[in-house]
Number of protein chains: 2
Amino acid sequence: MFEKYVKLLREHSMKVTPQRLDILKYLDEHRVHPTVEMIYMELKKNNPSLSKTTVYNNVETLEKHGIIQSLTISGNELRYDFRNDMHCHFICKRCGRIFDIDIVCPNIGKVEQSGFKIEEVHGYFKGICRDCLKKEEMENGS
Amino acid sequence: MFEKYVKLLREHSMKVTPQRLDILKYLDEHRVHPTVEMIYMELKKNNPSLSKTTVYNNVETLEKHGIIQSLTISGNELRYDFRNDMHCHFICKRCGRIFDIDIVCPNIGKVEQSGFKIEEVHGYFKGICRDCLKKEEMENGS
DNA sequence: TTTTAAATTGTAATTATTACAATTTGATAC
DNA sequence: GTATCAAATTGTAATAATTACAATTTAAAA
Ligand SMILES: [Mn+2]
Ligand SMILES: [Mn+2]
Ligand SMILES: [Zn+2]
Ligand SMILES: [Zn+2]
């Protein structure tokens with residue numbers, strides 16, 4: 001069940017703790033880019049003694065080791081992503097859902113040529129998602 | 001002095017208030033993508049009765065009217081940009097400065113074809129800026 | 001000049017995040 | 001297996017950004 005995550009932590013010479021495994025498994029199985037609050041609330045159900053500080057500590061450490069990444073797309077809270085490869089995101093202003101967009105930025109080279117050392121690239125699109133557009137059509141009857 | 005901003009507000013049929021003019025002028029003349037705190041602290045010097053809530057209200061309203069835009073690049077606070085055209089940003093992890101990057105995303109069409117209605121595009125690069133790289137070189141002597 | 005909706009102000013509440021000290025625990029060495 | 005210890009976990013308190021709200025003031029239209 002957890003072998004995959006044990007392996008992942010060992011590869012980064014991180015201590016294997018039940019809390020860490022829970023968090024990793026949760027992020028892996030819930031690719032909606034959850035907040036700390038969401039992770040905490042969900043995992044608390046099966047481990048009532050879990051501390052929110054532990055969730056904060058762990059997502060921070062996991063990100064520092066490059067295992068997961070954080071998104072600043074929403075502005076008022078960080079979202080976490082089990083995927084650590086470069087990809088873009090779309091956030092729907094109606095329903096708030098965040099979608100993966102699998103495109104790569106073709107401009108990285110250009111930016112680096114102007115003297116910046118790039119360590120992270122984030123592409124955020126904001127607008128209305130398919131479902132919400134359809135829902136709108138239904139209501140308007142256009 | 002303020003005619004430019006008066007015109008801007010009138011064009012959007014927004015009331016012209018001294019606070020609004022101050023905020024617009026400040027953002028126009030300080031293209032470092034300031035926070036609400038920065039705007040507030042600076043403008044308070046010449047108008048001690050200014051309320052931080054007024055700054056929050058106004059940047060929100062100005063953004064709603066498309067006059068300015070907000071950036072979620074830093075994760076823990078919104079930054080404001082007098083420029084409202086589409087461009088990208090680079091944030092330096094050392095000095096925290098935010099630079100404009102004048103490139104346009106060539107993938108917007110592709111994303112829209114997959115059914116999303118795009119209203120905003122944000123490209124955020126994170127890393128080390130020229131100055132901080134140079135400073136590092138000096139210290140290391142590499 | 002009068003009127004009124006919108007803007008401003010100040011304070012309180014909320015939310016996300018960080019600080020920190022006490023306790024527990026995973027991993028290593030014996 | 002047991003001792004050891006740095007690292008992780010926990011709970012509480014503090015901080016920081018943002019929002020809510022009610023009272024007051026004001027820009028702009030009549
Ligand atoms: Mn993603
Ligand atoms: Mn900018
Ligand atoms: Zn939606
Ligand atoms: Zn720098």
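Chain letters run A, B, ... following the sequence lines, proteins first and then strands; every chain starts at 1.
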Return the orientation label for the B:His33 and B:His87 ring planes: parallel under 30°, perpendicular over 60°, tilted otherwise. tilted
Within less than 4.0 Å of OP1 or OP2 of D:dT26, is there a side-chain N or O belonging to B:Gln19? no
Counting any heavy atom closer than 4.0 Å, what does B:Thr17 reach on the DNA or RNA strands: base, sugar-phosphate only, or nothing? sugar-phosphate
Could B:Glu11 and B:Lys7 be called an ion pair, given the rule that one side-chain N must be under 4.0 Å from one carboxylate O? yes
Grab the NZ-P distance between A:Lys15 and C:dT24 for me, whole Å please. 15 Å
Atom-pair distance (CD on A:Glu77; P on C:dA16), nearest Å: 6 Å
Is any side-chain N or O of B:Thr54 closer than 4.0 Å to OP1 or OP2 of C:dT9? yes
Please state how far atom NZ in B:Lys52 lies from atom P in D:dT19, giving the value in whole angstrom units. 13 Å
Test item: B:Tyr124 side-chain N/O and B:Thr72 main-chain N/O as donor-acceptor pair under 3.5 Å: yes
With respect to the side chain of A:Tyr56, which nucleotide from D:dT19, C:dT9, C:dA16 is positioned closest? C:dA16
Can you check the B:Arg79 CZ to D:dA17 C1' distance for me, whole Å? 13 Å
I need the NZ-P distance between B:Lys44 and C:dT8, as an integer number of Å. 15 Å
Separation of A:Ile39 atom CD1 from D:dT9 atom C1', in whole Å? 16 Å
Does B:Thr53 make a side-chain donor-acceptor contact with the base of C:dT11, cut-off 3.5 Å? yes
Applying a 4.0 Å non-hydrogen cut-off, can you work out what A:Thr35 is touching in the nucleic acid: base, sugar-phosphate, or nothing? nothing
Atom NZ of residue position B:Lys44 - does it have more than 12 heavy atoms of other residues, nucleotides or ligands inside 6.0 Å? yes
Tell me: CE of B:Met38 to P of D:dA17, nearest whole Å? 12 Å
Above 12 or not: heavy atoms from other molecules or residues under 6.0 Å from CG of A:Asp102? yes
5'-most contact on DNA chain D: B:Pro18 or B:Asn76, nearest heavy atom basis? B:Asn76
Quick one: is C:dT8 close enough that its OP1 or OP2 comes under 4.0 Å of any side-chain N or O from B:Asn58? yes
When rounded to whole Å, the CZ to C1' distance for the pair A:Arg20 and C:dA27 reads 13 Å
Look at all strands and tell whether A:Thr61 reaches a base, only sugar-phosphate, or nothing, counting heavy atoms closer than 4.0 Å. nothing
Using a cut-off of strictly less than 4.0 Å, decide whether A:Arg10 has a side-chain nitrogen or oxygen near OP1 or OP2 of C:dA27. yes
What is the nucleic acid contact for B:Val36, judged by heavy atoms within less than 4.0 Å: base, sugar-phosphate only, or nothing? nothing
Regarding the side chain of A:Asn57, the nearest nucleotide among C:dA27, D:dT10, C:dG10 is D:dT10
